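Throughout, a chain's letter reflects where its sequence line sits, starting with A, and its residues are numbered from 1. These numbers were taken from a predicted model, which means no experiment stands behind them.
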2 protein chains.
Amino acid sequence: MWLEASRIMLQLRSLQKVRCGILTVEIEHVDADTLEKLEQRGVDCEPKASTIRIIQDKYSQKVHFSRHGIPLPEFMQIDDLESANRAGELFGYPLMIKSKRLAYDGRGNAVAKSPEVLSSAVTALGGYERGLYVEKWAPFIKELAVIVARGRDGSILCYPVVETIHKDNICHIVKAPADVPWKVRKLATEVAREAVSSLEGAGVFAVELFLTEDGQILLNEVAPRPHNSGHHTIESCYTSQFEQHLRAVVGLPLGDPSMKTPAAIMYNMLGEDEGERGFQLAHQLIRRALSIPGAAVHWYDKPEMRKQRKMGHITIIGPSMGIVEARLNAMLTEESLESQTAVQPRVGIIMGSDSDLPVMKEAAKILNMFNVPYEVRIVSAHRTPDVMFKYAKSASERGVQIIIAGAGGAAHLPGMIASLTPLPVIGVPVRASVMDGLDSLLSIVQMPRGVPVATVAVNNATNAGLLAVRMLGVADVDLQARMSQYQEGTRDEVVAKAEKLEQVGWESYSNS
Amino acid sequence: MWLEASRIMLQLRSLQKVRCGILTVEIEHVDADTLEKLEQRGVDCEPKASTIRIIQDKYSQKVHFSRHGIPLPEFMQIDDLESANRAGELFGYPLMIKSKRLAYDGRGNAVAKSPEVLSSAVTALGGYERGLYVEKWAPFIKELAVIVARGRDGSILCYPVVETIHKDNICHIVKAPADVPWKVRKLATEVAREAVSSLEGAGVFAVELFLTEDGQILLNEVAPRPHNSGHHTIESCYTSQFEQHLRAVVGLPLGDPSMKTPAAIMYNMLGEDEGERGFQLAHQLIRRALSIPGAAVHWYDKPEMRKQRKMGHITIIGPSMGIVEARLNAMLTEESLESQTAVQPRVGIIMGSDSDLPVMKEAAKILNMFNVPYEVRIVSAHRTPDVMFKYAKSASERGVQIIIAGAGGAAHLPGMIASLTPLPVIGVPVRASVMDGLDSLLSIVQMPRGVPVATVAVNNATNAGLLAVRMLGVADVDLQARMSQYQEGTRDEVVAKAEKLEQVGWESYSNS
């Protein structure tokens, strides 16, 4: 700690020499007294020393946020066994015991499952004299985090809400964006913004949150700096959290925090073993990562390898969370990448019965032509409603981006699928035995307000395939260029026929 | 040059000390003899000294590629006025005169517009003794470039074809991907791949190409290293050209070269004036760039500012070329960003007549709800076919990503638009005076094979808006999450109604 402070003093002297007066911190465990002295001498600390002081003591952090009306788990200070027992009676068990200071990556936290083990848990943390408090157990279903940037002018921008997945209390995986309903994302962003608004100074702040079963968002803690939960932003966002922090403290306009790729997963490389063996395992992982499309390896080059130590991280980005997850799995297993990701379908072609296949296969032919991966399934709205339900609900998370559904007669499949998924659904009316397919067409196209089905002509699965390619082309300039080329090709075909007709005359043409 | 060579020797000694034997170059203007000597002593140069030797002499480069069957403009060496005049007679004027060595950024190039100025052009280049050759004027319509990576195992991956726009012979703007037909992109990629295949060694190569009016691709020149035309890859591709070069020369698997964002523009910051005034202008530009979403500033921190000197570059990325171009314009003009980009519509809502507006406005309401920018236009297939043609053809390059077209009766608008654009087109059959809209529906949905229209129910523009949001959600997880939320919302509405019905009974319900 004192070493830190003297480092700051040294930096300060050189700062004053070069006439630069902004000081920021890369970790909150610095001496707040020194920071305050520096502020008194006119050094511009961002964020403010007061913020560092509040945050480095987790108990005072809770008191601060609680006073500002930020929702968080109930908590109380404990000074001896008596107050600890009282807390246990009040909050129930399991009971979370935490040290006020220098707690991170699971260090400084202990769980007492019953009153009997309270004392031993306290001892494990270093005793009451270290400064302890307890927290009511938050029955969360997910841990979320939001990186919030505040400029010197007070402007605030929030990064997308991410899900953090911990293993042995250490952040293991971060998924961006979090797979939670929109209203949860909105609520999490609001809580994070409120929390940061209550603190002084510019910079990037990481707000860690709990999502409870009943959809509540509770604050866990705030870090006043770029954070592990924001490392994915280097590759996935328009502005990385590190550039954002510099922009914020220096007084430049804040950069766009939104994602430039649809999905990202950050995987922490934690030491799996001590010493050489640990390095070997890490290098094996890096070697696999180098073959994964969209994976970026960050190796911190720490001299010593220890179990559970953060040695680096790997960020994988891609066009959908399903695809990114498949890439992560390929990286973490010995299986070849091909077997894991090559088959990742982007379009699902489904039909009510195998009798629809002669019509529906034309959609598959188009997707083949454009190299778009797809899957073909028989899913009947009336005969296998369970399968249909499951298919529609899981499609998006499996990486499917568009569903083409064909059906005939009382053709319910496309509309039912559309009501069960947020993905665009293309409906192909298949001509059944009567009415030349008009029954199928009207069953598919005349959907009620709220649930659209993109309907194509009767039996025209070719156009369904082409429509899917056009939809994917919205975000894929290559596909769009190839669609233009296809249109030019069909035009050339017609032109050739027209020329032939002119050359040979209509009589020979009809006979040829 | 010799300084370079001695630097290489120095580096080599330290390389041998640390038992690392790979040498690469950041610029081809190094002493090839020294490189060859190093190779003979066992140093692994990537790319090979032979490649550097071929490339650093532009004439021998042309001879090399010509021998390997790569298409390129005709050329010949000139040693005196006589051979220069002969070349002029053979190739015609204007005639491109180039020095064989140390030519880049327009230096070492001169154009003789007629035989009379041949001598003065040669003198301007330093005379025949410097080593000159002439090239037949290539009447190109665009300059393209392809970054090609070759691994140590010979594997080759190509980055997307870009368009390079030069100003006074210096690269000014790079657009990725190039706005050229798919078959041109394919051809350019093939020529680039062939050119690099003819050279020895691993690394990243930049292949500069001409696109002629008749769709031919001619090789201009190759640089055996990361290149200005590939700077955009830092922000826009899964693997930047710099990482790719390291992967290639070191023998790691090559990374995915494809774009992670749909569009990018790289803008070179060329010195606009000498000294302090030049710095001031550059800083004004940087300040504006910092407020542009998706813009990344790279300032090279060169100590001296000179007119036309490359002082840095700015890369702007975004969801479509239209949007990125609007951002570039906002950066280069004094106008506020809002006036330039806030109105950039992603969806075009068009209709044949203002009588369709009461129906079609429901699509706009949905897009409002989801914060999707759109435009509303009256475009009639039968009364303003020219306007329709122009609208459809320009939509994509203006940044429009989806078109919603409404029409009634003999409803031709959606189908005609779909035949003129590669964008997805959503058709809304508007109920006209007869047949309850069945005429409109069939006119829109029964499209021939090859031209799909995503048709929704009669008069149901709400569903057209929702379908557009679902399509945009394919590459925008936020929109997709909000669509799920919307679906949940409509479900809750129905549930509430059902509960009310149960509570009050059907008789009171009907009256309420």
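- The contact between A:S419 and chain B is made entirely by backbone atoms, counting heavy-atom distances below 4.5 Å.
- Using a 4.0 Å cut-off between charged side-chain N and carboxylate O, B:K183 and A:E488 make a salt bridge.
- Contact annotation for A:Q401: both backbone and side-chain heavy atoms come within less than 4.5 Å of a heavy atom of chain B.
- For A:L441 against B:L442, the heavy-atom pair with the smallest separation is CD2-CD2, 3.6 Å.
- Shown here are the ring pair (Phe, Tyr, Trp, His ring centres under 6.0 Å) partners of B:Y486, two or more places apart in sequence or in another chain: B:F370.
- With a threshold of 4.5 angstrom between heavy atoms, B:V453 approaches chain A through N, CA, C or O but not through any side-chain atom.
- For A:R247, the part sitting under 4.5 Å from any heavy atom of chain B is the side chain, from C-beta outward, and nothing else.
- Legend: residues meeting side-chain hydrogen bond (donor to acceptor under 3.5 Å, both in side chains) with B:T490, ordered by chain and number and at least two apart, are absent.
- Under the 4.0 Å criterion applied to side-chain N and carboxylate O atoms, B:R449 and A:E362 are not assigned as salt-bridge partners.
- Nearest heavy-atom pair, A:R470 versus B:P422, reported as atom, atom and distance to 0.1 Å: CG-O, 3.3 Å.
- Interface residue A:L467: backbone and side-chain heavy atoms are both found under 4.5 Å from chain B.
- Contacts of A:P160 with chain B are absent, with no heavy-atom separation under 4.5 Å from either backbone or side chain.
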